[in-house]
Amino acid sequence: MNIDALSASIVDGLMIGFIYGLAAMGLTLIFGVMRVVNLAHGPVIAVGMFAVLLLAQNLGLNPYLGLVIVMLLGLATGIGMYFIAVHRVIDAPELTTLLATFSVNLMIIGIGTVLFSTSPRALDVSLGSVRTGAVTILGTKLVADLIAVIATVGLYYFLYRTRAGKSVRAVANNRAAAELMGINSTWILALSFGIGIALAMGSGSLLATLFSFTILSGTVYEVKSFVIVVLGGLGNPVGALLGGIVIGLLEGLATISPLPVGWVPVIEFGVFVIILLVRPTGLFGAR
Amino acid sequence: MSALRTPFFWGLLVLLGGVGLLPILNGSDSMREDIFLVLMLVILASSINIIMGYTGYVSFGHIVFFGLGGYVAFYLMLNHQVHFVPAAVVGGIVSSLIAFLLGIPVLRLRGAYFALATIGINEVVRSFVTNFDPFGGATGMFFNYEVYNGYGGSKNALWYAYYAILVVALLCAVSSLLIKKSRFGLGLLAIREDQDAAQVLGIDPARSKVLVYTISAFFPGLAGAIFFFKNGIIEPGPAFDLLRSIEALVMVMLGGYGTVAGPIVGAAVYEQLRAFLITNSTFSSFHLFVAGFLLLLIVLFVTAGLVGWLRQRAPRLRRYLE
Amino acid sequence: MRLLPSRLLLLGISLATLFGAIACAQPSAQPAPTPTVAPKVATSKADTPAARTPAASAPTARKIVIGFTASNTGAQNLPSKKQTEGLQLWLDTVTKAGGIKLKDGTALMPEMKSYDDESKTDRVQALYTKLINEDKVDFLISPYSSGLARAAAVVSEQNGKIMITTGAADDSTMEQGFKNIYQLYAPGSRYLVGAIDLLKDLDPSARKIALIYEKEPFSTSVVQAAQPYARSKGYDVVLFEGYDPGTTDFAPFINKINATAPDAIMGGGHFPDGTTLAKQLYEKKVSVRLVALLVAPPEPTFSEIGDAAEYIVGPSQWEPGVTYSPDAAKAANLPWYGISVKDFVSGYQARFNSTPSYHSAGGYAAGLILQKAIEDSDSTEPAKVKATLDRLNLMTFYGNVQFSIEAKTHGKQVAHDMVYIQWQKDSANKLGTKIVWPPAAKSAGAQLRK
Amino acid sequence: MIALDVQRIESGYGEVQILWGLSLALEEGRLTTIVGANGSGKTTLLRTIMGLIPAWKGSVSFEGRDVTHLSTHKKAQMGLVLVPEARQLFTDMTVLENLEMGATPARARSEYRQTLEWVFDLLPRLKERMNQRAGTLSGGEQQMVAIARGLMSKPKALMFDELSLGLSPVMVMSLFEVIVKLKQQRLTMLLVEQNVQMALAVSDYAYVLSNGRVELEGEAKKVREMEAVRKAYLGL
């Protein structure tokens with residue numbers, strides 16, 4: 001194996017890993033708080049992609065400024081989505097919430113296809129690149145990574161240092177007890193869902209600055225997010241970031257290994273199933 | 001086998017068989033195609049219901065057995081000139097066997113973890129087959145058109161495929177009923193309600209679950225074999241299409257989870273609804289949206305599905321509507 | 001419970017929709033009295049003119065129905081739309097001209113019948129069966145994309161219907177022994193042949209080619225054919241690898257390519273991966289002389305990736321800048337038929353307010369070839385039309401068209417040539433596509449990457 | 001003054017009715033207890049009062065206001081607080097965080113510091129365990145956290161469900177000491193207990209529940225004397 005390719009791929013894997021982690025964070029947060037696997041996760045990411053594209057193309061907004069607006073939009077959308085599709089069935093068996101969020105998936109894709117067609121779009125952002133030896137680091141990826149780290153730290157701070165965040169954890173831990181303590185659990189659940197969707201849409205915006213996309217592109221990240229979330233421990237936001245990095249590195253290394261590239265997903269999903277069977281709390285799960 | 005003496009059993013047989021006979025009686029090709037699709041969906045939905053409705057395990061990636069059965073049968077037909085009936089049976093058996101082996105570890109997982117694992121398995125198998133050259137890899141496998149000459153020409157082959165899917169659909173529905181009405185089925189329902197309590201009652205949940213998972217993988221395996229025989233081509237994408245799997249779940253929910261008739265009704269209604277939506281000029285571009293919206297309404301407000309709802313409303317009907 | 005009324009209401013809605021759906025589906029439940037034996041191929045409309053109401057005008061007008069499915073939803077939605085638009089333009093043109101004229105003065109007025117196939121193969125099969133048996137279409141045109149076209153071809157063949165495939169370049173479909181399927185696109189095995197020739201012509205010093213492809217049927221078959229060709233031309237295929245269709249980040253894969261230090265990279269897959277790959281090759285400053293990618297480069301939106309698009313070469317079935325003309329036909333000793341390139345482009349522009357892509361040209365050409373075959377046969381009888389199609393060898397705005405008549409590859413396209421475009425900057429530093437290959441069609445010289 | 005007034009309440013789970021027109025009242029500043037056999041509906045009553053399960057019929061008023069259909073958290077914010085059965089702590093959070101969550105109502109938040117000091121005074125062991133995860137504590141310590149968490153909300157009426165269940169006699173003693181201290185501070189309390197002897201000993205007023213109905217009620221001292229009660233619950 002070529003040492004240049006190895007070092008370059010480790011760096012590339014790390015770089016994309018942070019972004020994968022961010023993409024999975026919303027999914028894991030929502031699961032952690034309310035045991036709902038959000039099957040609309042992928043389409044929501046795609047909505048984030050198109051939202052930032054529209055802001056950039058119609059209002060000439062810088063994509064990174066657009067990101068902030070997209071996340072605020074995501075918060076509102078998520079809260080709305082919670083009350084429309086999830087609240088009524090929050091205590092029903094898993095299948096019900098899976099199907100409820102899947103129906104939202106269908107609706108988003110349905111509307112999205114009509115509005116944007118499945119034609120691929122790209123956001124032309126360039127922040128130059130740094131090159132040392134065989135390793136090239138793109139400005140856009142670096143910024144995206146930085147934002148992913150900020151988002152993770154921000155989420156961590158929110159959950160552990162603010163009252164609202166602690167209420168989220170309390171509701172996640174024991175909803176009835178939280179109600180008994182005067183915490184409006186419905187609102188907290190809606191808020192958590194909103195934050196989860198905001199994170200998903202935000203990650204979509206960042207992905208849009210890196211790769212071209214269609215309204216269906218979210219699916220790829222949704223499935224990858226499942227893998228990452230399981231790796232990091234379902235419901236563990238910091239685990240999601242770590243899981244993302246592991247997957248990024250795994251992809252990077254598997255790609256330059258002598259194994260044909262086509263086998264990378266076999267390894268990826270194989271790892272996913274094995275982790276689920278052997279250690280369902282994830283590699284970094286505390287419990 | 002007292003289940004075979006109930007009015008429901010005969011009703012099921014007459015209704016499903018009757019609808020299945022329609023295209024045979026009037027010889028309509030397009031009707032045959034429509035009903036073929038419905039019957040295939042009935043099989044997918046019913047078999048998911050056998051594992052999900054009776055034990056509460058949500059198998060999201062059940063389509064993996066459809067693809068596996070299809071691939072195994074196709075491989076035998078193409079490379080070893082096996083007649084499609086034995087090939088399909090082998091496809092079904094291989095699907096069951098794999099379900100058995102997978103089931104032992106995977107069925108220990110509960111709830112969302114199990115659902116995610118089944119998605120993962122489907123993706124592993126799909127990406128494996130995409131790289132697996134004996135199965136044609138990414139390009140898949142296809143028949144030369146002359147293969148159908150062995151079945152009296154392609155037109156006849158289509159009819160054979162239709163008879164086969166009808167028989168499998170009937171078998172699947174009857175198995176679903178037999179399981180539900182048997183002691184074994186009662187044990188499964190106990191597992192669904194409370195696995196730990198079921199254990200106390202002397203039911204071995206692990207064994208029961210693996211057994212029912214194995215059974216539920218058999219029918220999609222057969223359906224896959226028949227479908228791809230008729231199709232003449234098999235490729236990894238359409239064979240392991242996760243969306244098809246989720247659609248089958250929707251049908252189960254629509255018709256009524258845990259009932260025998262539910263998945264059948266669900267499949268028929270879903271298919272009609274779709275046919276209506278995509279051919280209707282107002283809805284055609286919005287049909288995904290409308291489908292999603294209707295699904296949401298059902299999930300939120302008619303949780304028991306159509307059959308479940310009827311059973312709740314009119315308890316007298318329960319005898320006729322399992 | 002207070003929930004009951006809303007539940008009842010919903011059930012009512014669901015049931016109403018259901019009954020509506022069933023009502024709509026009634027025709028299929030009660031088909032017209034047909035004999036139990038399905039209609040023979042020969043029982044087409046041509047034999048029962050009495051069943052049609054003759055138009056008032058002197059030359060009798062008769063409608064012929066052309067059926068197909070389009071992907072209004074799903075992954076193939078965009079190219080499928082372009083293809084349908086092309087076909088629509090043909091239909092408009094023919095209608096305006098008073099239909100397809102037969103020698104006895106009958107004017108055949110073509111009509112389209114189409115459904116949404118959602119880009120799904122099982123749906124395609126059910127819908128083509130419906131088109132054939134219920135809508136009683138006279139001729140079929142394929143849906144867009146190889147996979148869907150192949151599914152449709154099976155049904156069409158089973159029913160003995162003639163189908164023109166367009167938007168389907170797969171080789172293997174045409175090696176299944178079909179007798180009634182005619183392929184309009186140059187097959188995938190020829191997609192990269194010209195690119196290899198171009199490289200040879202442009203940079204005789206190049207030795208090493210990396211062939212990469214999306215792991216799905218079309219792209220895989222293209223590179224599988226390109227590999228032996230490249231070797232036969234003396235190239236060293238230093239990398240031959242497929243990536244997963246879901247791949248979004250090519251950075252590690254590019255490292256792997258880099259490690260083999262190729263002179264040219266060829267392959268790719270479809271649009272999203274193609275654009276991302278091109279963008280990342282540029283960003284990672286990969287030093288190869290030529291990059292040829294499938295599908296993505298001819299799309300106008302390829303330019304959204306900015307400077308990364310420059311120098312990228314792509315094969316195309318057709319481009320608005322092609323130079324096919326009656327003169328070119330004469331030079332090639334072929335008959336010329338139909339609309340000129342210029343009229344097609346301007347007509348399309350006027351009708352749909354966008355530039356036609358090769359999918360659009362394929363759609364139009366499908367109608368055009370059918371029209372030509374009917375005119376030459378002076379009949380809509382499948383056997384006669386089939387015989388004409390077998391003999392057909394002509395040039396149109398779309399280029400040369402001829403079908404294989406060998407039993408093993410019957411109907412496969414043998415004459416149509418790919419053209420190769422390259423994204424180049426003009427004197428004003430503006431990106432645009434130029435046709436750079438074959439030499440006979442080129443509008444500019446190809447450029448090597450710096 | 002009546003703090004909490006429950007009138008002819010009926011409720012249950014699914015189709016199973018548990019409470020059959022039960023009425024009771026909590027006097028302000030007094031300690032009331034409810035005793036009764038397992039399955040007599042004690043826990044169901046508390047859950048119905050708090051709105052964790054809906055009341056089918058009847059009414060619940062708190063401080064003169066009808067709160068029957070008010071959501072649980074709103075009742076808690078008004079000062080009607082339940083220390084639930086089996087403690088129901090936020091096991092993944094620290095002791096301090098649990099207490100902080102207790103102080104959710106606006107009234108409690110402004111006096112958070114003082115209340116915290118008062119609670120640590122009352123239950124000094126919690127101060128040592130402040131930064132430990134609640135789930136890692138012993139059963140008795142967890143019960144202390146549950147009580148403390150309830151107190152942090154500055155309740156106007158505090159209800160305890162099965163305070164002593166599963167705890168050692170020594171621990172039960174010390175928890176009852178806390179109850180007595182709170183009683184001295186004239187906090188309105190409702191105690192639901194299995195340990196009938198102790199409950200009656202510390203309470204002012206008592207209700208005896210049987211099959212979802214109030215079988216008898218009276219001053220705790222008198223109830224304790226009653227022959228039927230002695231036989232049925234005190235094993236005398």
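Naming convention: chains lettered A, B, ... in sequence-line order (proteins, then strands); numbering from 1 in each chain. What you are looking at is a predicted structure, and each value in this text was computed from that prediction instead of being measured.
Heavy atoms of A:V261 lying under 4.5 Å from chain C belong to its backbone as well as its side chain. With a threshold of 4.5 angstrom between heavy atoms, A:I137 does not approach chain C through any atom at all. When heavy atoms are compared at a cutoff of 4.5 Å, C:N258 does not approach chain A at all. For A:L207, no part sits under 4.5 Å from any heavy atom of chain C, backbone or side chain. No part of C:K81 comes within reach of chain A, as not one of its non-hydrogen atoms sits under 4.5 angstrom from that chain. With a threshold of 4.5 angstrom between heavy atoms, C:E299 does not approach chain A through any atom at all. Residue contact with chain C, scored on non-hydrogen atoms closer than 4.5 Å, involves the backbone and the side chain of A:R121 alike. Only the side chain of A:Y20 comes within contact range of chain C, judged by heavy atoms closer than 4.5 Å. C:E241 touches chain A through its side chain: at least one heavy atom from C-beta onward sits under 4.5 Å away, while N, CA, C and O do not. Within the 4.5 angstrom heavy-atom criterion, no atom of A:L53 approaches chain C. If you measure heavy-atom distances from A:F213 to chain C, you find no contacts under 4.5 Å at all. Contacts of C:K279 with chain A are made by side-chain atoms alone, with heavy-atom separations under 4.5 Å and no backbone atom involved.
Within 6.0 Å of the CG atom in C:D426, the count of heavy atoms belonging to other residues, nucleotides or ligands exceeds 12.
With chain A as partner, the option from C:G242, C:A308, C:A296 having the largest number of non-hydrogen pairs under 4.5 angstrom is C:G242. Taking chain A as the reference chain and counting heavy-atom pairs below 4.5 Å, the highest number among C:T276, C:I257, C:I254 is found for C:T276.
Checked by atom type, the side-chain pair A:K224/C:T248 shows no donor-acceptor distance below 3.5 Å.
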